[in-house]
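Bear in mind the structure is a predicted one, so any value in this text is a computation, not a measurement.
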Amino acid sequence: QVQVVESGGAVVQPGGSLRLSCTATGSILKIFGMGWYRQAPGNERELLASAFNDGSTIYADSVKGRFIISADLDAKTTYLQMNNLQPDDTANYSCNVVAAVAEDHTTSSWGQGTQVTVAS
């Protein structure tokens, strides 16, 4: 019912920047929040940042001060600006969308992810 598509991943040198995009489509009545996660091989998926429909945002300590989330939930879009990227930031970055798709039905949907590789 909800499709989530991420884009913007690339190979970047250490110290570089990238901007990831995430768009949700489908039968969405209201989005409550959109969040960015990442998972590197052998690691668990890690929450990086989320934006909520009350205007609030949260960040993981590992990216606070380097990554910035922005969102237009009415447009069903969120962005993740990533600065000063380091090799440890190499991972698959995915977007999660929590949305109401019916009067009493809320869903949590994931995209396929976009790969970010930081290497010199």
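- Summarising the geometry, atom OG1 belonging to Thr78 is positioned 7.5 Å from atom CG belonging to Leu73; distances are rounded to the nearest 0.5 Å.
- Residues Arg45 and Ser94 have side chains in contact (heavy-atom distance under 4.5 Å, counting atoms from C-beta outward).
- Among all heavy-atom pairs drawn from Pro14 and Gln86, the shortest one is CB-OE1, 4.3 Å.
- Counting heavy atoms from C-beta outward, Ser50 and Met34 have side chains that stay 4.5 Å or more apart.
- For the pair Asp89 and Arg38, the minimum side-chain heavy-atom distance is below 4.5 Å.
- Remark: side-chain polar atoms of Thr114 are paired, donor with acceptor, to backbone N or O of Gly9 under 3.5 angstrom.
- Atom CG of Asp72 and atom OH of Tyr79 lie 8.0 Å apart (nearest 0.5 Å).
- With a 4.5 Å cut-off on side-chain heavy atoms, Thr90 and Gln115 count as touching.
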Take Val2 and Val101, measure what side-chain contact (heavy atoms from CB on, under 4.5 Å) needs, and give me the verdict at the end. CA-CA 8 Å; Val2 178; Val101 296; 3.5 Å; yes
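- Closest heavy-atom contact between Gln1 and Thr107: OE1-CG2, 4.3 Å.
- Residues Ser17 and Gln81 have side chains in contact (heavy-atom distance under 4.5 Å, counting atoms from C-beta outward).
- Side-chain contact check for Ile69 versus Tyr59: some heavy-atom pair is nearer than 4.5 Å.
- Nearest heavy-atom pair across Leu29 and Glu103 is CD1-N, 4.0 Å.
- When side chains are defined from C-beta on, Tyr93 does not count as touching Gln39, because their heavy atoms never get closer than 4.5 Å.
- Scanning both residues, Thr77 and Ala75, for their nearest heavy atoms gives OG1-O, 3.1 Å.
- Judged by distance alone, with hydrogens and angles left aside, the side-chain atoms of Glu6 form a donor-acceptor pair with the main-chain N or O of Gln112 at under 3.5 Å.
- Between Ile31 and Val97 there is a side-chain heavy-atom pair separated by less than 4.5 Å.
- To the nearest 0.5 Å, the span separating CD1 on Ile28 from NZ on Lys76 amounts to 5.5 Å.
- Trp36 and Ser21 get closest at one heavy-atom pair: CH2-O, 3.4 Å.
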Check step by step if side-chain contact (heavy atoms from CB on, under 4.5 Å) holds for Asn53 and Lys30. CA-CA 9 Å; Asn53 65 340; Lys30 181 178 182 179; 3.0 Å; yes
In sequence, state the C-alpha distance, the side-chain angles, and the governing distance for Val4 and Cys22, and then conclude on side-chain contact (heavy atoms from CB on, under 4.5 Å). CA-CA 7 Å; Val4 180; Cys22 168; 3.5 Å; yes
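- No path of Ile, Leu, Val, Met, Phe, Trp and Tyr side chains, each step under 4.5 Å between heavy atoms, connects Leu47 with Val63, placing them in separate hydrophobic clusters.
- Using modelled atom types and a 3.5 Å distance limit, the side chains of Asn96 and Ser109 yield no donor-acceptor pair.
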As a quick check of understanding, evaluate side-chain hydrogen bond (donor to acceptor under 3.5 Å, both in side chains) for Ser62 and Glu46, giving each step before the final call. CA-CA 10 Å; Ser62 59; Glu46 172 189 16; 2.8 Å; yes
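- Taken together through direct or relayed side-chain contacts under 4.5 Å among Ile, Leu, Val, Met, Phe, Trp and Tyr, Ile58 and Tyr37 form part of one hydrophobic cluster.
- None of Leu18, Leu48, Asn83 except one satisfies the side-chain contact (heavy atoms from CB on, under 4.5 Å) rule with Phe67; the exception is Leu48.
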For a side-chain contact (heavy atoms from CB on, under 4.5 Å) check, start with the C-alpha distance between Arg19 and Leu80, then their side-chain angles and the critical distance, and finish with the verdict. CA-CA 6 Å; Arg19 187 188 192 216; Leu80 186 68; over 6 Å; no
